[in-house]
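Bear in mind that the values here come from a model prediction, so they are computed numbers and not experimental data. Convention: sequence-line order gives letters A, B, ...; per-chain numbering from 1.
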2 protein chains.
Amino acid sequence: MTARSAPASTRTELNTTDGLAQLSFLIHGTLERRAGERGLSMIQTRLLGVLRDRTPSMNELAKLLVLDKSSVSGLVDRAERRGLVTRIRSTADRRAVLVSLTDAGRSLVVSVSGRFEADVAAILACLRPSDRQALSRLVSQVLVAHAGEQGVDLFG
Amino acid sequence: MTARSAPASTRTELNTTDGLAQLSFLIHGTLERRAGERGLSMIQTRLLGVLRDRTPSMNELAKLLVLDKSSVSGLVDRAERRGLVTRIRSTADRRAVLVSLTDAGRSLVVSVSGRFEADVAAILACLRPSDRQALSRLVSQVLVAHAGEQGVDLFG
DNA sequence: TATTGTTATACTCTATAACTATA
DNA sequence: TATAGTTATAGAGTATAACAATA
């Protein structure tokens, strides 16, 4: 996504977007690789991440992951088959099924997210501490301004 | 990926990685959504992006996209069926097949990447120009330091 | 009737293995 | 023999539509 035909007047602007896009894909790819090392796809990783501090119903899970309920059925099937999550029939509403992380699932997601955080820290290690702090401030500013649009909060 | 159990001494560090990870997924999701609006998956978008300034063989395409050659066969099949790319038998090596963007494919990828760049620019519009410039400088610094690890250069 | 979840079906995406054609 | 590409097959991931059980 290079700024091939940018008029000179907007070149700085486009280079910023271009650089940020590249950095985003570098970081996204880093998680993808770390998860893949443990046999997890991105969506399985997100599933486990969402379950870290929740025990949602299938329906809630579909909303959290922005997937159709039938997609979540298959996703949970495969995770359950691997022993990473369990289905629990709800007693409050006997139609509902709650999904919970197993110990194996929890230790897996903790491991992947720990390595990923270390990767990102390593990527930022080339910056001087003051620059890292400046970057942190700018990124926070952007995120706050777009709090509503983040959609899926990866490990929310 | 919040820093749930970070010791206080490293909390600032983790918050930076956390923020950058969130921003990365925001931007990645932005492209995914824009591509999806035009009926393109991420991999189809990357295929078209790679073909913007190249006419590689299937084999070269597999290396560029980091996919098995059989995966590329299917990928190109589906893109060709939609009229986005064409296969051209190489005259130099009659085993080889070159893949080229059609006019429809080119106009599609130009449209998606243009909208995406506008999206990223809009995301950054909340920053003062001087802050945007500072962000640009920091991001460039990180990218330069990790030039070799970027793996697939999305629209390279 | 409405909601929750599963199942049947179809398509994309991916890899491995076996194959054809060319070098 | 080695390389370029396709095809057969299998599995993950996704959505739509039809279904069963419960509310």
Side-chain angles (χ1 to χ4, degrees), chain A residues 28-29 32-33 35-50 55-100 105 108 151-152, chain B residues 28-29 32-33 35-50 54-100 108 151-152:
Chain A
H28 191 275
E32 203 162 32
R33 186 165 40 78
E37 286 171 3
R38 307 307 185 90
L40 289 180
S41 65
M42 284 296 275
I43 186 61
Q44 286 286 344
T45 305
R46 279 180 54 203
L47 169 63
L48 301 189
V50 158
T55 301
S57 68
M58 297 292 284
N59 205 18
E60 289 163 344
L61 214 37
K63 282 169 193 154
L64 287 165
L65 298 174
V66 194
L67 286 177
D68 188 84
K69 56 185 178 168
S70 66
S71 304
V72 175
S73 271
L75 206 59
V76 170
D77 281 350
R78 292 184 291 274
E80 197 172 27
R81 213 179 301 144
R82 290 177 58 181
L84 304 176
V85 307
T86 49
R87 269 184 245 238
I88 305 164
R89 202 88 220 180
S90 168
T91 50
D93 181 342
R94 279 171 27 238
R95 295 171 301 178
V97 172
L98 308 181
V99 183
S100 172
L108 189 55
V152 188
Chain B
H28 191 276
E32 203 161 30
R33 186 164 38 78
E37 285 171 3
R38 306 308 185 88
L40 289 180
S41 65
M42 284 297 273
I43 187 59
Q44 286 286 342
T45 306
R46 278 180 56 204
L47 169 63
L48 301 189
V50 159
R54 267 179 278 237
T55 303
S57 67
M58 295 293 284
N59 204 19
E60 290 164 343
L61 214 37
K63 282 169 193 154
L64 287 165
L65 298 174
V66 195
L67 286 176
D68 188 83
K69 56 187 180 170
S70 66
S71 303
V72 175
S73 270
L75 206 59
V76 170
D77 281 350
R78 292 184 291 274
E80 196 172 27
R81 213 179 300 142
R82 290 177 58 181
L84 304 177
V85 307
T86 50
R87 270 185 244 240
I88 306 164
R89 203 87 219 181
S90 169
T91 50
D93 181 341
R94 282 172 25 239
R95 295 171 300 180
V97 172
L98 307 180
V99 184
S100 173
L108 189 55
V152 188

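Expressed to the nearest 0.5 Å, how far CG of A:Leu108 lies from OG1 of A:Thr45 amounts to 7.5 Å. In this structure, CE on B:Met42 lies 10.0 Å from CE on A:Met42, to the nearest 0.5 angstrom. One finds the CG atom of A:Leu48 at 12.0 Å from the CZ atom of A:Arg38 (value rounded to the nearest 0.5 Å). Atom OG1 of A:Thr55 and atom CD of A:Glu60 lie 10.0 Å apart (nearest 0.5 Å).
Backbone-only engagement by B:Ser41 is indicated by non-hydrogen atom pairs under 4.0 Å involving sugar-phosphate atoms exclusively.
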Trace of the side-chain contact (heavy atoms from CB on, under 4.5 Å) decision for B:Leu75 with B:Arg78: CA-CA 5 Å; B:Leu75 206 59; B:Arg78 292 184 291 274; 3.9 Å; yes

Trace of the side-chain contact (heavy atoms from CB on, under 4.5 Å) decision for A:Leu67 with A:Leu61: CA-CA 8 Å; A:Leu67 286 177; A:Leu61 214 37; over 6 Å; no

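For B:Arg89, the side chain to side chain contact (heavy atoms under 4.5 Å, CB included) partners two or more places apart in sequence, or in a different chain, are B:Val97.
Rounded to whole Å, the distance from CG on B:Leu67 to C1' on C:dT16 is 14 Å. Atoms CZ (B:Arg81) and P (C:dC11) sit 9 Å apart, rounded to a whole Å. Taking atom CD of B:Glu80 as the reference point, atom P of C:dT12 lies 14 Å away to the nearest angstrom.
Checked by atom type, the side-chain pair B:Asn59/B:Ser57 shows no donor-acceptor distance below 3.5 Å.
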Protein and nucleotides 4-8 of chain C: nitrogen or oxygen contacts under 3.5 angstrom:
residue : atom : partner : partner atom : Å
C:dT4   : OP1  : A:Asn59 : ND2          : 3.2
C:dT4   : OP2  : A:Asn59 : ND2          : 3.0
C:dG5   : OP1  : A:Met58 : N            : 3.4
C:dG5   : OP1  : A:Val97 : N            : 2.8
C:dG5   : OP1  : A:Val97 : O            : 3.3
C:dG5   : OP2  : A:Asn59 : N            : 2.6
C:dG5   : N7   : A:Lys69 : NZ           : 3.0
C:dG5   : O6   : A:Lys69 : NZ           : 3.0
C:dT6   : OP1  : A:Arg87 : NH1          : 2.6
C:dT6   : OP2  : A:Ser73 : OG           : 2.6
C:dT6   : OP2  : A:Arg87 : NH1          : 3.3

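A close approach under 4.0 Å does occur between a side-chain nitrogen or oxygen of B:Arg78 and OP1 or OP2 of C:dC13.
Protein chain A contacts DNA chain D over a range whose 5' and 3' limits, counting nucleotides with an atom under 4.0 angstrom from a non-hydrogen atom, are D:dA12 to D:dA23.
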